[in-house]
*Asks:* 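Pasting in a structure now, in structure tokens, and then I'll have a few things to ask.
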Amino acid sequence: MIQVKTDLQAITMGKVHVLVAESFDIYRHGLESILNSSNKVHLEYVCKSGNELIKYFRRKPTSVCLVSSGIPDMNIHDLMMELEKAIEEPPVIVLTHSTELTHLNQSLKAGVKGYLTKNSPSEELIDAILEVSQGRQAFGKSASQLMIGKYADSAKKLPSKGKKLITKREREIVKLIVQGYTSAEIANLLYISTRTVETHRANLMNKLELKNTAALVRYAMEQDLS
């Protein structure tokens, strides 16, 4: 029995552990299939409710949580509050049918690290899990398009003085940050150094009086910008 446990630890070593909360059988079994077929993640447990997820997360607080927006027993705000009792900034990805900006914004304000629609390809899901496991944010293509569209609309509404506050290059960098690119990746895309990207990011934070990247993403989602 001890040897079996040791073998299991060896098999899962280096993999990202994942917990799933999904109330519908079809989606739950689909997620099981996708995760079990990946050599980068280890499916720790699959449950049907938020309360079950909380119980297992307390045992494995480093696990990435995939949470369906349709779980019946609690909303995302209440769930995040409970998970935060186990660890600060729990790695949670919301899986949803919704492409509504209001729902996306509510999820971000609750503190989730990732947001994917349920029609996302399996590769996108695995990539999001890996990103979130490293403390970064991850958004599916549908969510990124919503956020970029909202940012563009909001920028148009800025008064002339406000528009001058943010440079063209800073706008480019904000859009790429919203899409989930790292500073190194942004540097490669824009043909500038990583240090330059970090400088632009710091200037943005200072100009907009924001404390972190999550706040910058929320800024891009706000309807009224100052």
Side-chain angles (χ1 to χ4, degrees), residues 16-24 27-28 31 44-120 124-125 128-129 131-151 153-154 177-180 205 208-226:
V16 177
H17 289 235
V18 179
L19 297 171
V20 173
E22 170 60 69
S23 57
F24 292 102
Y27 288 116
R28 193 166 58 252
L31 287 170
E44 193 71 39
Y45 192 78
V46 181
C47 56
K48 298 181 180 181
S49 70
N51 280 311
E52 275 189 279
L53 180 73
I54 292 164
K55 180 176 69 174
Y56 283 94
F57 185 74
R58 286 171 179 162
R59 300 177 186 175
K60 293 280 186 177
T62 58
S63 300
V64 173
C65 299
L66 299 182
V67 181
S68 171
S69 60
I71 54 173
D73 57 337
M74 64 178 63
N75 59 44
I76 190 64
H77 289 275
D78 293 339
L79 177 63
M80 291 299 295
M81 287 178 64
E82 289 299 319
L83 296 178
E84 285 168 357
K85 292 178 181 179
I87 185 175
E88 187 178 357
E89 296 187 1
V92 175
I93 298 173
V94 169
L95 302 176
T96 179
H97 288 296
S98 177
T99 54
E100 293 293 327
L101 280 166
T102 300
H103 187 268
L104 174 55
N105 206 18
Q106 287 174 346
S107 298
L108 288 172
K109 287 181 177 179
V112 304
K113 293 293 184 182
Y115 189 98
L116 279 78
T117 54
K118 289 187 175 181
N119 62 353
S120 299
E124 196 168 88
L125 174 63
I129 291 170
E131 284 293 301
V132 168
S133 73
Q134 295 299 312
R136 295 188 286 267
Q137 292 183 309
F139 304 98
K141 289 182 179 178
S142 297
S144 294
Q145 288 170 358
L146 281 173
M147 296 167 79
I148 292 169
K150 179 49 125 182
Y151 173 78
D153 290 343
S154 297
I177 291 172
V178 166
Q179 292 179 66
M205 298 293 187
L208 301 172
E209 299 181 356
L210 302 173
K211 295 182 179 179
N212 51 44
T213 301
L216 183 60
V217 171
R218 286 197 296 271
Y219 156 81
M221 295 290 297
E222 290 295 327
Q223 295 183 0
D224 297 314
L225 301 176
S226 56

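Bear in mind that the values here come from a model prediction, so they are computed numbers and not experimental data.
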*Asks:* Does S120 reach the side chain of L125, with side-chain heavy atoms less than 4.5 Å apart?
*Replies:* no

*Asks:* Between L66 and L116, is any pair of side-chain heavy atoms under 4.5 Å apart?
*Replies:* no

*Asks:* To the nearest 0.5 Å, what is the distance between CD on E131 and CD1 on I93?
*Replies:* 9.5 Å

*Asks:* For a 4.5 angstrom cut-off between non-hydrogen side-chain atoms, does F139 reach L108?
*Replies:* yes

*Asks:* For the side chain of D73 and the backbone of N51, is there at least one donor-acceptor N/O pair under 3.5 Å apart?
*Replies:* yes

*Asks:* To check you understand the geometry: which heavy-atom pair defines the closest contact between L83 and P90, and what is its length?
*Replies:* CB-CG, 3.8 Å

*Asks:* Yes or no on side chain to side chain contact (heavy atoms under 4.5 Å, CB included) for L95 and E22, after CA distance, side-chain angles and deciding distance?
*Replies:* CA-CA 9 Å; L95 302 176; E22 170 60 69; 5.6 Å; no

*Asks:* Identify the heavy atoms of A21 and S49 that sit nearest to each other, and give their distance.
*Replies:* CB-O, 4.0 Å

*Asks:* Quick one, V18 and I129 - any side-chain contact, counting heavy atoms below 4.5 Å?
*Replies:* yes

*Asks:* Nearest 0.5 Å, please: how far is NZ in K113 from OG in S133?
*Replies:* 12.0 Å

*Asks:* Which heavy atom in P72 sits nearest to a heavy atom in S23, and how many Å separate them?
*Replies:* CD-CB, 3.9 Å

*Asks:* Can you tell me if R28 uses its side chain to pair, donor with acceptor, with the backbone of C47 under 3.5 Å?
*Replies:* no

*Asks:* For a quick test of reading the model, state the closest non-hydrogen atom pair linking S68 to K118 and the distance between them.
*Replies:* OG-NZ, 3.0 Å

*Asks:* Could you list the donor-acceptor pairs under 3.5 angstrom formed between side-chain atoms of residues 52-63 and any protein atom two or more places apart in sequence or on another chain?
*Replies:*
residue: E52; atom: OE1; partner: K48; partner atom: N; Å: 3.2
residue: Y56; atom: OH; partner: Y45; partner atom: OH; Å: 3.4
residue: S63; atom: OG; partner: K60; partner atom: O; Å: 3.1

*Asks:* What's the spacing between L79 CG and E82 CD if we round to 0.5 Å?
*Replies:* 8.5 Å

*Asks:* Please report the closest heavy-atom contact between N75 and D78, naming both atoms and the distance.
*Replies:* OD1-N, 2.8 Å

*Asks:* Can you name the nearest heavy-atom pair linking A110 to E84, along with the distance?
*Replies:* O-OE2, 4.0 Å

*Asks:* Out of curiosity, H77 NE2 to K109 NZ, how far, rounded to the nearest 0.5 Å?
*Replies:* 8.5 Å

